[in-house]
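Atoms considered below: every heavy atom in the structure, side chains included; atoms not considered: hydrogens, waters and symmetry mates. Just so you know, these numbers come straight off a predicted model, no measurement behind them.
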Amino acid sequence: MRDFLLGYGYFAMYYALAITFVYFLIFGLSIRHTFPLQRGIKYNRVQKLSGSEHVPPVSLLVPAYNEELTIKENVRSLLALNYPEYEVIVVNDGSKDDTAQIMIEEFQLKEIKPFVAKHVKTEKVRGYYHNPEYPNLYFIDKENGGKADSLNAGINLSHYPLISTIDADSLLEKDALTRIARVYMENPEDTVAVGGNVRIVNSCTVEDGIVKNIKFPKKMWPALQNVEYIKAFLGGRIGWSAINGLIIVSGAFGVFQKDKVIAVGGYRGGYPGEDMNIVIKLHRYCLENKIPYRVAFCPDAVCWTQAPDTYRILSSQRMRWGRGNLKNMIEEGIHMIFRPRYKVFGFLTLPYNIIFETLNPYFRLSGLIAMIGYWLLNMADWKTVVVFMLVNFFSCFILSLGALFIEEKAFSRYPKLSDLNKMMLYSLLMFLGYRQVGVLWRFLGHIDFFRNNNSWGTMVRTNFNK
């Protein structure tokens with residue numbers, strides 16, 4: 001037992017060193033590309049682009065399930081975008097509340113019989129609705145089939161070569177679509193997907209679908225998620241995008257080449273994680289067919305989303321994400337890992353995700369058990385343990401502070417000094433319990449996966465200004 005625990009101790013040490021090395025590598029890439037991004041944001045002509053005929057038209061797909069409290073604000077926000085040519089396609093996925101009725105009454109929609117392509121198979125559509133007074137708004141009412149099925153129904157109706165996915169509980173900034181289109185236009189032939197930046201709208205003031213007054217969340221759970229999102233998007237996705245290793249374009253806001261999405265069979269239903277799945281399939285399709293491509297990230301194209309504000313809702317969301325991640329790695333990732341044809345994605349992105357994300361709960365929990373074994377067998381020098389824990393803590397904390405540096409240097413969305421102080425405080429607090437309970441949620445999500453629990457879980461919407 002002593003030899004086993006000693007061997008496991010060395011393994012745990014090398015595991016921690018490896019994950020820290022990768023974290024700092026990706027963060028270094030994020031920092032390196034922040035300054036060019038800052039210059040690009042400062043000098044790009046977003047307003048000129050917003051009226052240009054050269055900007056590609058986009059179909060915005062909005063899957064909606066039980067969104068009666070947020071759907072009006074969301075749609076009005078989308079209809080007010082500064083973008084020359086686009087359409088909004090709201091897909092009601094068999095909601096049990098008044099989502100469909102509110103849409104039809106609010107925008108005075110009438111049933112139509114449009115031409116609809118059959119690119120991807122979906123659940124039965126009950127009707128298509130439109131009002132000429134809102135020429136770029138369409139509404140689909142269909143039987144429940146899940147978020148992926150709703151997106152596929154939107155693809156079948158869409159009229160433009162680019163599609164964008166928007167969550168119904170989210171709000172786009174008025175120039176967000178223009179900014180993300182600018183990234184696409186840098187290399188339109190090769191850019192198969194561009195992800196936007198997702199920020200927390202909780203405690204902000206929203207008027208007519210527009211975020212007017214940005215504030216740091218007042219409640220604990222959204223506040224922790226706020227700094228978590230900043231670290232993930234600014235400290236992580238900028239770096240992964242720089243090496244074309246991005247594994248996910250958030251379902252809350254992203255733009256895709258429609259023909260490539262259709263070529264890989266559309267969005268996968270049955271389990272959550274459809275946003276990760278579609279990106280993995282795009283990487284695989286392009287690499288296997290030797291198609292030049294990139295999956296980009298646009299940090300200044302901002303989507304504001306509601307974050308869960310209770311433990312129950314947040315745990316349900318994170319368990320769902322855990323199930324989706326595990327299924328994607330089993331179905332897609334394991335077949336691509338360490339194979340030369342998949343390049344950076346196969347040799348860095350997928351190994352990182354499998355070893356340090358998917359399997360992380362098992363290493364963490366087994367490490368805790370090992371620590372108990374060290375203590376019972378009098379093998380643990382408490383000073384060594386404390387030093388190891390402090391090094392791990394401060395390395396993670398430095399990365400969080402680095403993400404805040406990127407936020408303040410390049411974007412500075414929070415104007416108040418008090419908000420910056422709060423972000424620094426919660427960057428510290430997130431490592432004192434929040435990260436640990438996150439490991440538990442992911443582990444419980446894996447248990448749900450093996451039990452074939454496909455339920456979406458608990459999600460309660462509130463009005464944007466609550």
Side-chain angles (χ1 to χ4, degrees), residues 61-67 69-70 91 93-97 123 144-152 165-170 195 198 200-202 221-222 224-226 228-229 232-233 236 247-254 267-281 303 305-333 353-354 356-362 364-365 430 434-462:
L61 312 182
V62 187
Y65 178 73
N66 293 346
E67 304 286 356
L69 295 178
T70 61
V91 186
D93 188 40
S95 296
K96 297 178 181 178
D97 64 0
E123 292 293 332
N144 182 261
K147 183 178 180 180
D149 193 72
S150 297
L151 292 171
N152 290 334
T165 60
I166 313 290
D167 279 351
D169 64 337
S170 302
V198 180
I200 304 299
V201 77
N202 302 53
W221 294 115
L224 289 166
Q225 291 169 82
N226 187 292
E228 180 185 34
Y229 275 40
F233 282 87
I247 197 172
I248 186 171
V249 169
S250 175
F253 182 35
Y267 286 85
R268 181 209 66 192
Y271 268 85
E274 72 291 327
D275 47 1
M276 176 184 287
N277 181 262
I278 194 68
V279 175
I280 294 175
K281 291 195 297 186
C303 168
T305 189
Q306 279 192 355
D309 58 3
T310 67
Y311 176 90
R312 177 168 169 261
I313 300 173
L314 179 58
S315 63
S316 177
Q317 180 197 69
R318 297 311 168 90
M319 289 164 62
R320 183 172 71 245
W321 289 2
R323 294 202 314 270
N325 178 276
L326 180 59
K327 185 172 179 66
N328 280 317
M329 292 306 101
I330 292 175
E331 284 190 349
E332 304 285 348
N353 195 274
I354 292 173
F356 300 128
E357 296 290 341
T358 308
L359 297 179
N360 183 267
Y362 305 97
R364 295 265 187 175
L365 293 172
M430 72 179 297
Y434 181 72
R435 285 281 298 273
Q436 290 74 17
V437 76
V439 171
L440 176 62
W441 290 335
R442 195 175 304 173
F443 179 70
L444 293 176
H446 290 184
I447 292 176
D448 282 344
F449 170 83
F450 290 115
R451 293 172 56 199
N452 291 318
N453 179 1
N454 293 346
S455 65
W456 190 255
T458 304
M459 190 63 204
V460 179
R461 304 295 188 206
T462 61

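- Of all heavy-atom pairs spanning Val279 and Asp275, the tightest one is CG2-O, 3.4 Å.
- Here Tyr65 contributes atom OH and Lys96 contributes atom NZ; the two are 4.0 Å apart, rounded to the nearest 0.5 Å.
- Between Lys327 and Arg268 the shortest side-chain heavy-atom distance falls below 4.5 Å.
- In summary, Asp167 and Lys147 engage in a salt bridge, as defined by a charged side-chain N under 4.0 Å from a carboxylate O.
- Residues Trp321 and Asn325 form no side-chain contact, since every pair of their non-hydrogen atoms from C-beta on lies 4.5 Å or further apart.
- In this structure, the side chains of Thr305 and Asp169 come closer than 4.5 Å at one or more pairs of heavy atoms.
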Given the rule in the side chain to side chain contact (heavy atoms under 4.5 Å, CB included) test, do His446 and Thr358 qualify, once you have shown the distances and angles that lead to the verdict? CA-CA 9 Å; His446 290 184; Thr358 308; 4.1 Å; yes

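- Judged by distance alone, with hydrogens and angles left aside, the side-chain atoms of Asn144 form a donor-acceptor pair with the main-chain N or O of Asp93 at under 3.5 Å.
- For Asn152 (side chain) and Tyr267 (main-chain N/O), a donor-acceptor pair under 3.5 Å exists by modelled atom type.
- Using a distance-only test at 3.5 Å, with no hydrogens or angles considered, no donor-acceptor pair links the side chain of Arg318 to the main chain of Val437.
- Contacts of Phe449 classified as ring pair (Phe, Tyr, Trp, His ring centres under 6.0 Å), with partners at least two apart in sequence or in another chain: Tyr271.
- Scanning both residues, Pro308 and Ile313, for their nearest heavy atoms gives CB-CG2, 3.6 Å.
- Listed by chain and residue number, nothing satisfies the side chain to side chain donor-acceptor pair (under 3.5 Å) test with Ser315 (two or more places apart in sequence, or in another chain).
- Across Ser170 and Ala252, no two heavy atoms sit closer than the pair OG-CB, 4.2 Å.
- Between the side chain of Asn226 and the backbone N or O of Ile200 there is no donor-acceptor pair closer than 3.5 Å.
- The closest donor-acceptor contact from the side chain of Thr165 to the backbone of Leu61 lies at 3.5 Å or more, if one exists at all.
- A donor-acceptor contact shorter than 3.5 Å is absent between the side chain of Ser150 and the backbone of Ala64.
- Within the 3.5 Å criterion, the main-chain N or O of Asp97 finds a donor-acceptor partner in the side chain of Asn66.
- Between Asn328 and Lys281 there is no side-chain heavy-atom pair separated by less than 4.5 Å.
- Of all non-hydrogen atoms in Glu123 and Gly145, the two that sit nearest each other are CG-CA, 3.7 Å.
- Applying the ring pair (Phe, Tyr, Trp, His ring centres under 6.0 Å) test to Tyr311 and every residue at least two apart in sequence or in another chain returns Trp221, Trp441.
- Remark: side-chain polar atoms of Asn202 are not paired, donor with acceptor, to backbone N or O of Pro222 under 3.5 angstrom.
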